[in-house]
Q: 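Dropping a structure here in structure tokens format, bear with me for questions.
Numbering of ligands and ligand atoms starts at 1, following listing order. Heavy atoms only: backbone and side chains are in, while hydrogens, waters and symmetry mates are out.
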Amino acid sequence: MKRGTQVIKPRIREILSRELPPELVNLLPKHWVRIGDVLIIPLRKELEPYKHRIAEVYAKVLGVKTVLRKGRISGEFRETNYELLYGSDTVTVHVENGIKYKLDVARIMFSPANVKERVRMAKVARPGETVVDMFAGIGHLSLPMAVHGGAKVIAIEKSPYTFKFLVENIELNGVWDRMTAYNIDNRDFPGENIADRVLMGYVVRTHEFIPKALSIAKDGAVIHYHNTVPERLMPEEPFKTFKETAREYGVEAEKLNELVIKRYAPGVWHVVVDIRVFKR
Ligand SMILES: C[S@@+](CC[C@H](N)C(=O)[O-])C[C@H]1O[C@@H](n2cnc3c(N)ncnc32)[C@H](O)[C@@H]1O
């Protein structure tokens with residue numbers, strides 16, 4: 001994923017200043033996100049009448065096949081909601097940290113702000129350990145752990161559409177020997193006391209899944225617990241809720257590390273806490 005620059009590209013400015021009213025030229029997008037050969041741009045409403053031509057010029061100058069207008073990520077499956085401005089094919093292969101991620105950018109979230117976590121997970125994984133990724137997506141976090149960390153990963157993804165890409169990505173990255181994929185709700189996953197590491201890469205409602213994560217984890221396992229937290233409840237949350245829930249299930253929890261991933265909404269942060277659990 002590449003973040004665009006903070007200035008309008010001279011070539012884009014040159015072409016569009018011949019076609020747009022002068023006062024609109026400075027409103028052209030100065031930054032964008034490129035996922036594979038799909039570009040995502042924010043677009044001011046003043047530019048609405050020119051949106052398709054603007055997208056065409058950005059596509060040609062930046063060398064992409066499709067341009068989408070930035071939308072929101074929402075719902076249980078964390079699906080995106082973009083406006084197609086140029087091109088038609090929104091499926092692409094994005095390469096990051098030596099990993100190939102095939103996805104439909106128009107429907108599946110791939111957050112630039114989560115790149116540090118994808119790279120960090122590649123480093124924390126240990127060869128041969130068993131990782132259960134409860135919210136696998138297209139393999140955002142589990143592929144780096146299998147490819148670079150040599151971990152054995154069980155990847156669970158509920159959405160059938162996203163699961164199709166998860167399976168293709170396991171194939172594309174040649175890690176079928178280390179990864180198993182389940183197209184189920186993680187609450188129906190039968191494994192208990194099997195994971196050295198559990199990934200809970202989800203937001204907003206992640207606390208509802210703590211009991212399941214505890215049952216999947218071995219004694220002494222590490223759980224990477226993500227959630228969104230209002231700033232006024234930090235730094236106690238999100239660990240406080242995890243620890244209290246774990247106690248109800250007779251499990252002790254120790255906070256090892258905590259990182260802020262990104263701003264989720266005004267006054268709300270996406271946070272990850274690394275937690276060791278003791279089940280004796
Ligand atoms: C936001 S994506 C996150 C991907 C990755 N874990 C990351 O952090 O970058 C969350 C994924 O969890 C899936 N999901 C939501 N609820 C689930 C459940 N109960 N069981 C399995 N997968 C679920 C969604 O369909 C979505 O693909």
Q: Under 4.0 Å, counting heavy atoms only: does I108 come that close to any atom of ligand 1?
A: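 Not so, I108 does not reach ligand 1.
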Q: Heavy-atom distances under 4.0 Å are what count here, so tell me which part of I138 touches ligand 1: side chain, backbone, both or neither.
A: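 Near ligand 1, I138 shows nothing, with every heavy atom at 4.0 Å or more.
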Q: Compare every heavy atom of L166 with every heavy atom of A155, then report the nearest pair and how far apart it is.
A: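 Here A155 and L166 meet closest at CB-CD2, 4.0 Å.
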Q: Using a 4.0 Å cutoff against the non-hydrogen atoms of G201, which atoms of ligand 1 qualify?
A: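 By the 4.0 Å cutoff, the relevant atoms are 3 (C), 5 (C), 6 (N), 8 (O), 10 (C).
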Q: Is the number of heavy atoms from other residues, nucleotides or ligands under 6.0 Å of K262 NZ greater than 12?
A: yes
Q: Counting only nitrogen or oxygen atoms and a 3.5 angstrom limit, does K158 reach ligand 1?
A: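 The answer is yes, given that K158 and ligand 1 share an N or O pair closer than 3.5 Å.
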Q: Within ligand 1, which atoms have a heavy atom of F209 less than 4.0 Å away?
A: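 Result: 19 (N).
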Q: Of all the heavy atoms in F110, does at least one lie under 4.0 Å from an atom in ligand 1?
A: no
Q: Could you check K243, K279, R247 and say which one makes a side-chain hydrogen bond (donor to acceptor under 3.5 Å, both in side chains) with E252?
A: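 That would be R247; it is the only one of K243, K279, R247 passing the side-chain hydrogen bond (donor to acceptor under 3.5 Å, both in side chains) with E252.
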Q: Counting heavy atoms only, name the option from V203, N186, N114, V272 that's nearest to atom 20 (N) of ligand 1.
A: N186
Q: Would you check whether H226 reaches within less than 4.0 Å of ligand 1, judged by its heavy atoms?
A: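 Not so, H226 does not reach ligand 1.
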Q: Just heavy atoms, cut-off under 4.0 Å: does H140 contact ligand 1 by side chain, backbone, both, or neither?
A: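 Side chain only.
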Q: Within 45 degrees of the axis of the six-membered ring of Y161 and under 6.0 Å from its centre: does R107 put its NZ or CZ there?
A: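 That pair qualifies as a cation-pi contact.
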Q: Above 12 or not: heavy atoms from other molecules or residues under 6.0 Å from CZ of F278?
A: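 Counting other residues, nucleotides and ligands, CZ of F278 exceeds 12 neighbours.
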Q: Just heavy atoms, cut-off under 4.0 Å: does D185 contact ligand 1 by side chain, backbone, both, or neither?
A: both
Q: Using the benzene-type ring in the case of Trp, are the ring centres of H94 and F110 under 6.0 Å apart?
A: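 Close enough - the centres of the two rings lie under 6.0 Å apart.
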Q: Taking the side chain from R276 and the backbone from G220, do they hold a donor-acceptor pair closer than 3.5 Å?
A: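 Yes; judged by distance alone, with no hydrogens or angles, the pair exists.
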Q: With heavy-atom distances below 4.0 Å as the criterion, list the atoms of ligand 1 near I184.
A: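 Atoms satisfying the 4.0 Å criterion: 20 (N), 21 (C).
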Q: Between atom CG of L256 and atom CZ of F239, what is the distance when rounded to the nearest 0.5 Å?
A: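 The CZ atom of F239 is 8.5 Å from CG of L256, to the nearest 0.5 Å.
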